[in-house]
Amino acid sequence: MSKRYLDCTASEIQKMTGRELTEAIAGSEGRILVCETIGAVRPMLGDVTNAEFVSAMGADMIILNLFDVNAPVIQGLPDVPQEDMIREVKRLTGRAVGINLEPLEADSVSAVETNGEWNLTSGRAATVENARKAIEMGIDFIVLTGNPGVGVTNSAIIHTLRRYREEFGDRIMLIAGKMHAAGILAESGENIITEEDARAFAGAGADVILMPAPGTVPGITMEYIRGLVSSVHKLGRLTLTAVGTSQEGADAATIREIALMCKMTGTDLHHLGDSGYVGMALPENILEYGKVIRGVRHTYHRMASSINR
């Protein structure tokens, strides 16, 4: 019998395989909050990493966005060797930690131009070599997705999933999908993810299918995502609904509405992006989102589990 993630200690989380982590999340029945942070920017609290800050506000899992495995940077972290950075984040937060890697395919380019900070670097590309480096650094899961304007397609995600699953087996949990079009306008709105895409992701080896949260992308309604979540669950996979359109910096009332809609879809994981102020969601929105999906008692318990470390 597996223990639900909500009740796991930091030492138990650190020992989990990808399969065990997936089972622990499933047992938590839709009460897990995942927050993205950017380590390369100055932390909101100066010498405290944004990863620690989001954990203290109730985040259960952390995604490091724009993390380059060839040139890793996490500002606010104690002085540790680069190869130990992720393990140090895990030690300080007691959370499962993952990174985004971005798969590209030949002849596929972004149809939009965005800020240069999103430009893909060699250490963020979804290659087998980069995934292996990340695993050696201690990551618990990989998210195959695309930042704004990078040009990531669903077919590239599917191809990479197959390669990763063949190469790494169940050592890590794989999350796959897009929060927005990522520069591919043919895959915008409801075409960001369809039932066919979800089946393909699952068939290629994804443990968790990522999809936009209701109300975050034009045309993405609660009913539409509810149908996708139901389909994914029938395939024996989990889902993550993502707020990756800078609405993690919206007012608290908007966040509460999105959180409740996501809860009604039946999703297993709830995500807040990194565009609140700089490099993380607004702290108050992390707190409010957690209170909506699991109430005050469990939210403050999660906060205390980080602060008391």
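Keep in mind it's a predicted model, so treat the numbers as computed, not measured.
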Would you say Glu166's side chain and Arg163's backbone share a donor-acceptor pair under 3.5 angstrom? no
Roughly how far, to the nearest 0.5 Å, is CZ of Phe141 from CD1 of Ile99? 10.0 Å
Checking side-chain polar atoms at under 3.5 Å, does Asn70 have a donor or acceptor matched by the opposite partner on Ser122? yes
Do you know which two heavy atoms are closest between Ala126 and Thr160, and how far apart they sit? O-CG2, 3.6 Å
Under 3.5 Å donor-acceptor, Tyr5 side chain and Gly27 backbone: no
Tell me if a side-chain donor or acceptor on Thr216 pairs with a main-chain N or O of Ala213 at a distance below 3.5 Å. yes
Atom CZ in Arg256, atom OH in Tyr289: separation rounded to 0.5 Å? 13.5 Å
Would you call Lys291 and Glu288 a salt bridge, taking side-chain N to carboxylate O under 4.0 Å as the test? yes
Please report the C-alpha distance between Thr265 and Thr267 in whole Å, then the side-chain angles of each, then the deciding distance to 0.1 Å, and finally whether the side chain to side chain donor-acceptor pair (under 3.5 Å) criterion is met. CA-CA 6 Å; Thr265 69; Thr267 194; 4.8 Å; no
Sub-3.5 Å donor-acceptor pair from the side chain of Thr254 to the main-chain atoms of Ala250, do we have one? no
Side chain to side chain, Met179 and Glu36, heavy atoms closer than 4.5 Å: yes
Is the shortest heavy-atom distance from the side chain of Leu101 to the side chain of Val143 under 4.5 Å? no
Are Met16 and Asp140 side-chain neighbours, meaning at least one heavy-atom pair lies under 4.5 Å? no
Which atoms form the tightest heavy-atom contact between Arg95 and Ala59, and what is the distance? NE-O, 2.7 Å
Looking only at atom types and distance, does a side-chain atom of Asp207 sit under 3.5 Å from a main-chain N or O of Leu174, one as donor and one as acceptor? yes
Roughly how far apart are Leu33 CG and Ile293 CD1, rounded to 0.5 Å? 5.0 Å
In Å and rounded to the nearest 0.5 Å, what is the CE to CD1 distance from Met61 to Ile13? 9.0 Å
Among side-chain atoms of Glu196 and Thr194, is any donor-acceptor pair under 3.5 angstrom? no
With rounding to the nearest 0.5 Å, note down the distance linking CZ in Arg124 to CG in Leu64. 12.5 Å
May I ask you to decide whether Arg237 forms a salt bridge with Asp268, counting only side-chain N to carboxylate O separations under 4.0 Å? no
Looking at Arg91 and Glu88, is any side-chain nitrogen of the basic one under 4.0 Å from a carboxylate oxygen of the acidic one? yes
Sidechain-backbone polar pair: Glu248 side chain, Asp274 backbone, donor-acceptor under 3.5 Å: yes
If every non-hydrogen atom of Ile193 is compared with every non-hydrogen atom of Phe201, which pair is closest and at what distance? CD1-CE1, 4.2 Å
Could you tell me whether Glu284 atom CD has more than 12 heavy atoms of other residues or ligands within 6.0 Å of it? yes
Side chain to side chain donor-acceptor pair (under 3.5 Å) assessment of Asn100 paired with Thr145: CA-CA 7 Å; Asn100 290 328; Thr145 190; 5.8 Å; no
Would you say that Thr37 contacts Ile63 through its side chain, given a criterion of any heavy-atom pair below 4.5 Å between the two side chains? no
Where Tyr224 and Glu190 come nearest, the two heavy atoms and their spacing: OH-O, 3.1 Å
If you group Ile, Leu, Val, Met, Phe, Trp and Tyr by side-chain heavy-atom gaps below 4.5 Å, do Val73 and Met280 land in one group? no
Would Ile135 end up clustered with Val69 when hydrophobic side chains under 4.5 Å apart are linked, directly or stepwise? yes
Tell me whether Glu167 is salt-bridged to Arg132, with the criterion being a basic N under 4.0 Å from an acidic carboxylate O. yes
Contacts of Glu83 that satisfy salt bridge (Lys or Arg N to Asp or Glu O under 4.0 Å) - sequence neighbours left out: none
With a 4.5 Å limit on heavy-atom distance, are the side chains of Asn50 and Tyr277 in contact? no
Check whether any side-chain heavy atom of Val41 sits under 4.5 Å from a side-chain heavy atom of Ile38, and report yes or no. yes
My understanding is that only one of Arg4, Arg294, Arg31 makes a salt bridge (charged side-chain N to carboxylate O under 4.0 Å, His left out) with Asp60; could you say which? Arg294
Given side-chain contact (heavy atoms from CB on, under 4.5 Å), test Leu269 with Thr239 step by step and report yes or no. CA-CA 6 Å; Leu269 290 158; Thr239 62; over 6 Å; no
Could you see if Val48 belongs to whatever hydrophobic cluster contains Ile74? Use Ile, Leu, Val, Met, Phe, Trp, Tyr and a side-chain cutoff under 4.5 Å. yes
Distance-only, no hydrogens or angles: does the Glu195 side chain make a donor-acceptor pair with backbone N or O of Leu228 under 3.5 Å? no
Side-chain ion pair, Glu23 and Arg19, N-O less than 4.0 Å: no
Do you reckon Leu45 sits in the same ILVMFWY cluster as Leu92, going by side-chain contacts under 4.5 Å, direct or chained? yes
Counting only N and O atoms by type, is there a donor-acceptor contact under 3.5 Å from the side chain of Gln75 to the main-chain atoms of Ala40? yes
Just wondering, do Pro212 and Lys178 contact through their side chains at under 4.5 Å, heavy atoms? no
Between Glu52 and Ser55, is a side chain to side chain donor-acceptor pair (under 3.5 Å) present by the stated rule, with each step listed? CA-CA 5 Å; Glu52 292 171 88; Ser55 298; over 6 Å; no
With hydrophobic residues grouped by side-chain heavy-atom distances under 4.5 Å, do Leu161 and Leu235 end up in a single group? no
Any side-chain donor near an acceptor of the partner, Ser11 and Gln14, under 3.5 Å: no
Taking every non-hydrogen atom, the tightest pair across Gly123 and Asp68: CA-OD1, 3.0 Å
For the side chain to side chain contact (heavy atoms under 4.5 Å, CB included) test, which of Met222, His270, His271, Lys263 pairs with Thr241? His270
Minimum heavy-atom separation for Ile286 to Leu272, with atom names? CA-CD1, 3.9 Å
Ser28 side chain to Ala24 main-chain N or O, any donor-acceptor pair under 3.5 Å? yes
Under a 3.5 Å distance rule, please check whether Asn154 uses its side chain to pair with a backbone N or O of Ile192 as donor and acceptor. yes
Any non-hydrogen side-chain atom of Pro72 less than 4.5 Å from a side-chain atom of Met137? yes
